[in-house]
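Every chain is numbered from 1, with letters handed out A, B, ... down the list of sequences. Because the structure is a prediction, the values reported are computed rather than measured.
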2 protein chains.
Amino acid sequence: MAARKPLSRERILREAMAVADRAGLAGVTMRSVADGLGVEAMALYRHVSGKNDLLDSLVELIVAEINEACEALPEPAPEEDWRSVLRRRILAARATLLRHPWAPALLGSHGTMGPALMRYFDEFGAIMRRAGFSVDAVHHALHAFGSRALGFTTELFQPGAPAIEETEVDPEQALAELAAFADSLPFLAEMAAHLQHDAATTIGWCDDQREFEFGLDALLDGLEVRRAASR
Amino acid sequence: MAARKPLSRERILREAMAVADRAGLAGVTMRSVADGLGVEAMALYRHVSGKNDLLDSLVELIVAEINEACEALPEPAPEEDWRSVLRRRILAARATLLRHPWAPALLGSHGTMGPALMRYFDEFGAIMRRAGFSVDAVHHALHAFGSRALGFTTELFQPGAPAIEETEVDPEQALAELAAFADSLPFLAEMAAHLQHDAATTIGWCDDQREFEFGLDALLDGLEVRRAASR
DNA sequence: ACCTGAACACCGTTCAAGT
DNA sequence: ACCTGAACACCGTTCAAGT
């Protein structure tokens, strides 16, 4: 056996990311990461203080990728609206996260402020400052965006999703369920009926990207109202 | 040993909730829940198909508590603005979640649509319908709210929090750090300086409740703009 | 100096056995 | 019918031992 490429923090993190892309966040295990590097799990502890440390750094790696995506964006036009500048960056962040579907869950649980995240929010805040928001207003806005600033939201509402996936759309049964709803859940019944009509003409029930952009624009507009009022 | 109270799904879920309140979500274990009931872990599998099932039902239990809180709310005034009606309900949901700090993480990972969650969203949607939103507009709005509809958001931005907690506020060191930031992170440096002034007069750096309400109101206003424009 | 083997204290879950 | 004991295949992490 020739000496293998020496282990390093960098290589460990790259492998952890590869495992996550392949097997999801639950698949990221000291043992699985080590395996991919042809090494025993305990060897990782030379370069990483534990699994928490590894996951914290994985967040940084993702955010670094987001920062790269933002830097590749075209320069904003001189008098471009702050909303569209921010919007473009947020959607670039989102595009990055879509390539790593496990990342939102990780960001939610390990959102510690590392250098990459700081860089992202620094530019984010600077854009709002240039648009005329006060320091205080930007601070509030950053909280208002929350995870949306990085291009994702935790959705709780997946209308009909489980009921539909279980069985192949049996129209008769679906209608029966609807009728049962109509009594106790009149609005959901109304919406389900409405969505069912759309389903014939559109791809799916909900277009996540569209929904995200709608929510983002609503918030941007809500903030613009406040900005305009404060001048 | 006298025969103990017989095990039941209900008792298991109550105990799981008690464990979570005491030891956090990570403390909820088949074994720990069983322990609290004076029983072996394997006994739970008679009433629960597995841990996933248990956690799914725990979500329902929390949302049921939220629904109760909403029902205890005063009736809306006849011509009350839809925003304030919804706002009151969302803040009631939030108050419930604040009593169970582990709940947001659980809702994020096990947000399956059970009856309790459906009931909550049905009333939520109905309020917007009565205010004149179209079915489509309500659907989009529900997505836009996301977890905020239930009173929480996943925050990524905790300005200064780690730096401050580590050491007792050493003003000299804090200033040195600020200076280091000023070069590469001008906005964050500006904000940190601003926050430091406020820290003298307010309780903490960020008031989570205030921040939540700000973000909520911004979104409500953004949606009101759309509602008004569509009439 | 760097990695490994064996071990420890935990998990969720199974299955045959007890009562 | 309802619960238990023992076991299995996993975790993260430790520590002394190898090279």
Side-chain angles (χ1 to χ4, degrees), chain A residues 1-61 102 105-112, chain B residues 1-61 102 105-112:
Chain A
M1 332 277 180
R4 317 198 105 249
K5 216 185 303 180
L7 220 45
S8 74
R9 202 165 219 280
E10 170 80 12
R11 284 189 65 217
I12 291 172
L13 291 174
R14 292 273 159 218
E15 178 61 25
M17 188 142 165
V19 173
D21 285 340
R22 194 187 325 125
L25 208 52
V28 178
T29 279
M30 290 293 142
R31 284 167 168 94
S32 70
V33 172
D35 256 29
L37 297 165
V39 114
E40 295 298 312
M42 310 78 200
L44 304 182
Y45 286 79
R46 288 278 140 186
H47 304 90
V48 142
S49 80
K51 196 185 183 183
N52 245 311
D53 182 26
L54 192 158
L55 292 181
D56 282 351
S57 300
L58 201 50
V59 166
E60 281 291 299
L61 206 59
W102 45 271
L106 183 61
L107 283 161
S109 60
H110 285 74
T112 43
Chain B
M1 333 276 181
R4 318 197 103 250
K5 216 186 304 181
L7 219 46
S8 74
R9 203 163 216 282
E10 170 80 13
R11 285 189 64 218
I12 291 171
L13 291 174
R14 293 272 160 220
E15 178 62 26
M17 187 142 164
V19 173
D21 284 340
R22 195 186 326 124
L25 208 52
V28 177
T29 279
M30 290 293 142
R31 284 167 167 93
S32 71
V33 172
D35 257 29
L37 297 166
V39 113
E40 296 298 312
M42 309 77 200
L44 305 183
Y45 286 79
R46 289 277 141 187
H47 304 90
V48 142
S49 81
K51 196 185 184 183
N52 245 311
D53 182 25
L54 193 157
L55 292 182
D56 282 352
S57 300
L58 200 50
V59 166
E60 281 290 299
L61 206 60
W102 46 271
L106 182 61
L107 283 161
S109 60
H110 284 74
T112 43

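The nucleotide range of DNA chain D contacted by chain A, defined by atoms under 4.0 angstrom from heavy atoms of the protein and reported 5' to 3', is D:dC11 to D:dT14.
Under the side chain to side chain contact (heavy atoms under 4.5 Å, CB included) rule, B:E15 has a single partner from B:D35, B:L44, B:V28, B:L37, which is B:L37.
Looking only at side-chain heavy atoms (C-beta outward), B:R46 and B:L7 stay at 4.5 Å or farther from each other. Taking the side chain as every heavy atom from C-beta outward, B:D53 and B:S57 approach each other to under 4.5 Å. Looking at heavy atoms from C-beta onward, A:D21 lies in side-chain contact with A:M17 at the 4.5 angstrom threshold.
Within residues 46-58 of chain B, the residues that place at least one heavy atom under 4.0 Å from DNA chain D are, in residue-number order, B:R46, B:H47.
One finds the CG atom of A:L107 at 9.5 Å from the OG1 atom of A:T112 (value rounded to the nearest 0.5 Å).
Judged by distance alone, with hydrogens and angles left aside, the side-chain atoms of A:R9 form a donor-acceptor pair with the main-chain N or O of A:H47 at under 3.5 Å. Side-chain atoms of A:S8 come within 3.5 Å of backbone atoms of A:R11 as a donor-acceptor pair (strictly under, hydrogens ignored).
When every heavy atom of B:A43 is checked against every heavy atom of B:V39, the shortest pair comes out as CB-CG1, 3.7 Å. Scanning both residues, B:M30 and B:K51, for their nearest heavy atoms gives CE-CA, 2.8 Å. The two atoms that bring B:V33 and B:I12 nearest to each other are CG1-O, 3.9 Å, heavy atoms only.
Where pairing requires Watson-Crick or G-U contacts shorter than 3.5 Å, the helical stems of DNA chain D with at least three consecutive pairs are C:4-8 with D:12-16, C:12-16 with D:4-8.
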